[in-house]
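For the single chain, residues carry numbers from 1 onward in sequence order.
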Amino acid sequence: QRFQAIGGKSIDTIPKKVDIVIDAIFGSGLNRELNHKYCNLIHQLNSLKGYKISCDIPSGIQNNHSLSKEVFKADTTITMGGYKTMLFEDKAKDFVGKIKVASLGLSSQIYQKDIDDNIYLLEKKDYKPPLREAKNTHKGNFGHFAVISGEKQGASVLSAIAGYRFGAGLVTIVGKTTNIPYYIMNSDKLPPNTTSIAVGMGLGKTGIDNLINNNITKVID
């Protein structure tokens with residue numbers, strides 16, 4: 001009614017050429033598989049070349065985190081009030097596009113009260129690499145990162161390279177590994193000055209109890 005009051009018009013068929021498509025069919029409360037009628041409608045909307053925006057959550061994503069046979073593929077999702085965990089599911093990533101929160105005049109915590117306390121959204125502002133502004137310093141001042149190598153050695157090498165590029169001063173792969181870059185060290189045991197450990201990448205059935213039973217910070221895959 002508000003849309004029509006400012007001159008908006010309703011049509012019965014979807015035009016072939018549009019600039020913007022706004023999906024406001026279903027929100028985050030969808031609790032069922034979409035029927036043929038709505039699947040066909042969403043399929044038509046996805047075939048249009050206009051910029052696509054979803055209101056709250058792309059239609060077709062159900063509140064039990066499963067997907068319907070057809071899901072609206074948004075360039076941007078404007079979610080109402082606060083974040084919904086289903087927007088960040090791996091299977092939803094190809095449909096949500098950029099995520100923006102529309103404030104409804106109340107704290108976002110009211111809309112996110114059901115989110116588990118163990119869930120944390122990492123954003124660009126959370127990336128704080130070590131700043132090397134001091135002149136009297138050496139690589140040992142920036143942590144010693146240990147990567148536990150397992151059956152798939154390539155996974156540990158890639159992780160070690162990533163840790164080095166992220167800013168760790170010393171990086172050691174623990175376990176049998178070959179063909180590693182010259183700036184990565186290799187050892188058969190955990191270095192005594194280790195400050196963080198990554199474990200799980202390509203691990204297979206490798207035994208690691210003696211390597212991770214400690215209070216060192218760990219990233220576990």
List the steps and the verdict of side chain to side chain contact (heavy atoms under 4.5 Å, CB included) for Thr85 and Ile119. CA-CA 9 Å; Thr85 54; Ile119 295 176; 3.9 Å; yes
Given the rule in the side chain to side chain contact (heavy atoms under 4.5 Å, CB included) test, do Asn31 and Asn64 qualify, once you have shown the distances and angles that lead to the verdict? CA-CA 7 Å; Asn31 59 3; Asn64 64 357; over 6 Å; no
Apply side chain to side chain contact (heavy atoms under 4.5 Å, CB included) to residues Leu48 and Ile14 and explain how you reach the verdict. CA-CA 9 Å; Leu48 298 174; Ile14 299 174; 3.7 Å; yes
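Ile22 and Leu34 are not part of a single hydrophobic cluster, where members link through side-chain heavy atoms under 4.5 Å apart. Residues Leu158 and Tyr182 do not share a hydrophobic cluster, clusters being chains of Ile/Leu/Val/Met/Phe/Trp/Tyr side chains in contact below 4.5 Å. Val219 and Ile148 sit in two unconnected hydrophobic clusters of ILVMFWY residues. Membership requires side-chain heavy atoms under 4.5 Å apart, directly or through other members. Cluster annotation: Phe145 is connected to Tyr183 through the hydrophobic network of ILVMFWY side chains, with a link wherever side-chain heavy atoms come within less than 4.5 Å. Transitive grouping of hydrophobic side chains (ILVMFWY, heavy atoms separated by less than 4.5 Å) brings Leu30 and Leu41 into a common cluster.
Counted within 6.0 Å of CG on Asn213, heavy atoms from surrounding residues, nucleotides or ligands total more than 12; the atom is thus considered enclosed. Around atom CG of Asn179, no more than 12 heavy atoms belonging to other residues, nucleotides or ligands sit under 6.0 Å away.
Between Thr77 and Leu87, some side-chain heavy-atom pair lies under the 4.5 Å cut-off. Proximity of Lys73 to Pro58: side-chain heavy atoms (C-beta onward) are nowhere separated by under 4.5 Å. Under the 4.5 Å side-chain criterion, counting only non-hydrogen atoms from C-beta, Ile197 is not in contact with Thr217. No side-chain heavy atom of Thr76 sits less than 4.5 Å from a side-chain heavy atom of Ser54. The closest side-chain heavy-atom distance from Ile216 to Leu190 is below 4.5 Å. Contact annotation: the side chain of Ile161 approaches that of Pro181 to within less than 4.5 Å [non-hydrogen atoms, C-beta and beyond]. Put simply, the side chain of Ile53 reaches to within 4.5 Å of the side chain of Ile78, judged on heavy atoms. Residues Pro191 and Thr172 form a side-chain contact, since some pair of their non-hydrogen atoms from C-beta on lies under 4.5 Å apart.
For Asp221, the side chain to side chain donor-acceptor pair (under 3.5 Å) test picks out no residue, with sequence neighbours left out. Lys52 meets the side-chain contact (heavy atoms from CB on, under 4.5 Å) test with Val21, Asn46, Phe72, Asp75; sequence neighbours excluded. Partners of Lys17 by salt bridge (Lys or Arg N to Asp or Glu O under 4.0 Å), not counting sequence neighbours: none found. Not counting sequence neighbours, Lys189 has no partner by the side chain to side chain donor-acceptor pair (under 3.5 Å) test.
Of all heavy-atom pairs between Gly29 and Asn63, the closest is O-ND2, 3.4 Å. Residues Ser108 and Gly82 approach most closely at CB-CA, 4.3 Å, considering heavy atoms.
Taking CG of Asp23 as the reference point, atom CG of Leu45 lies at 7.5 Å (rounded to 0.5 Å). The CD atom of Glu33 sits 5.5 Å away from atom SG of Cys39, with the distance rounded to the nearest 0.5 Å. A distance of 9.0 Å separates CE of Met185 from CD1 of Ile180, quoted to the nearest 0.5 Å. Between the CG atom of Asn186 and the OG1 atom of Thr177 there is a distance of 4.5 Å, given to the nearest 0.5 Å. Between Glu70 atom CD and Ile42 atom CD1 the span is 7.0 Å, to the nearest 0.5 Å. Ser187 contributes atom OG, which lies 11.0 Å from atom CD1 of Ile173 (distance to the nearest 0.5 angstrom).
Counting only residues at least two apart or on different chains, the ring-ring contact (aromatic ring centres under 6.0 Å, His included) pairs with a member in residues 79-122 are Tyr83-Phe88. Annotation: salt bridge (Lys or Arg N to Asp or Glu O under 4.0 Å) contacts involving residues 55-69, sequence neighbours excluded, comprise Asp56-Lys84. Legend: side chain to side chain donor-acceptor pair (under 3.5 Å) pairs involving residues 152-164, not counting sequence neighbours, sorted by first then second residue: Ser149-Ser156. Under the salt bridge (Lys or Arg N to Asp or Glu O under 4.0 Å) criterion, no residue pair touches residues 36-50, with sequence neighbours excluded. Listed by first and then second residue, the ring-ring contact (aromatic ring centres under 6.0 Å, His included) pairs that reach into residues 34-68 are Phe26-Tyr38, sequence neighbours excluded. Listed by first then second residue, pairs satisfying salt bridge (Lys or Arg N to Asp or Glu O under 4.0 Å) with a partner in residues 85-97 read Asp90-Lys93, not counting sequence neighbours. Listed by first then second residue, pairs satisfying side chain to side chain donor-acceptor pair (under 3.5 Å) with a partner in residues 6-15 read Gln4-Ser10, not counting sequence neighbours. Residue pairs meeting the side chain to side chain donor-acceptor pair (under 3.5 Å) criterion with at least one member in residues 192-204, sequence neighbours excluded, are His144-Asn193.
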